[in-house]
Q: 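Got a structure for you, written out below as structure tokens; questions coming shortly.
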Amino acid sequence: MHNKPAGMECFAGLELTPRKVDYLKYIFERGGTIRTTEISFHFTVDPSTITKTMGELADAGYLHHTPYRGVALTDTGRRMPGFSSNAIAS
């Protein structure tokens, strides 16, 4: 059995990088549909990188990605470990 560092959750058989978990948490905190340009601006990452990463997360089942509209969490994405109002409240 392998121990994973914090932020490297394994969910539904898929491992996520800490950065991808950060993106998912941000989308969770914002709620609803978020434009990829907003994510790009928030994380100071090139928009094309965000679009590619959002596509990967959508392919993995964590997001609904509608080109030119934005992304929203799927039920799978919302059930990520640690994604609850108590866990994220600052």
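Starting from 1, each residue takes its place in the sequence as its number.
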Q: A side-chain contact here means heavy atoms from C-beta on lying under 4.5 Å apart; do Leu16 and Met80 qualify?
A: yes
Q: Is a salt bridge present between Glu56 and Lys52, judged by a nitrogen-to-oxygen distance below 4.0 Å?
A: yes
Q: Can you name the nearest heavy-atom pair linking His64 to Leu73, along with the distance?
A: CD2-O, 4.1 Å
Q: So, the side chain of Thr74 versus the backbone of Tyr62: is there a donor-acceptor pair under 3.5 Å, distance only?
A: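 Yes.
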Q: Give me the atom names and distance for the closest heavy-atom approach of His65 to Ala58.
A: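 Nearest heavy atoms, His65 then Ala58: CB-CB, 3.9 Å.
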Q: Look up atom NZ in Lys20 and atom CG in Leu63, then write down how far apart they are to the nearest 0.5 Å.
A: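 One finds 10.5 Å between NZ of Lys20 and CG of Leu63.
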Q: Please determine whether side chain to side chain contact (heavy atoms under 4.5 Å, CB included) holds for the pair Thr17 and Asp22, giving the CA-CA distance in whole Å, both sets of side-chain angles, and the decisive distance to 0.1 Å.
A: CA-CA 9 Å; Thr17 64; Asp22 288 344; over 6 Å; no
Q: Would you say the side chain of Thr66 lies within less than 4.5 Å of the side chain of Thr33, judging by non-hydrogen atoms?
A: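 Thr33 vs Thr66: side chains apart.
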Q: Is Arg69 atom CZ crowded by more than 12 heavy atoms from other residues, nucleotides or ligands, each under 6.0 Å away?
A: no
Q: Is any side-chain heavy atom of Val21 closer than 4.5 Å to a side-chain heavy atom of Lys25?
A: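 Heavy-atom side-chain distance check passes, below 4.5 Å.
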Q: Looking at CD1 of Ile39 and OH of Tyr23, how far apart are the two atoms once the value is rounded to the nearest 0.5 Å?
A: 8.5 Å
Q: How about Met54 and Ile27: do any of their side-chain heavy atoms sit closer than 4.5 Å?
A: yes
Q: Give the table of side-chain donor-acceptor pairs shorter than 3.5 Å for residues 41-50, with sequence neighbours excluded, one pair per line with atom names and distance.
A:
| unit_1 | atom_1 | unit_2 | atom_2 | d |
| --- | --- | --- | --- | --- |
| Asp46 | OD2 | Ser48 | N | 3.1 |
| Asp46 | OD2 | Ser48 | OG | 2.3 |

Q: Measure the spacing between CG of Leu24 and CG of Leu57 and express it to the nearest 0.5 Å.
A: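 Leu24 CG to Leu57 CG: 5.0 Å, rounded to 0.5 Å.
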Q: One thing to verify: whether Asp75 and Arg78 come together as a salt bridge, which I'm taking to mean a side-chain N less than 4.0 angstrom from a carboxylate O.
A: yes
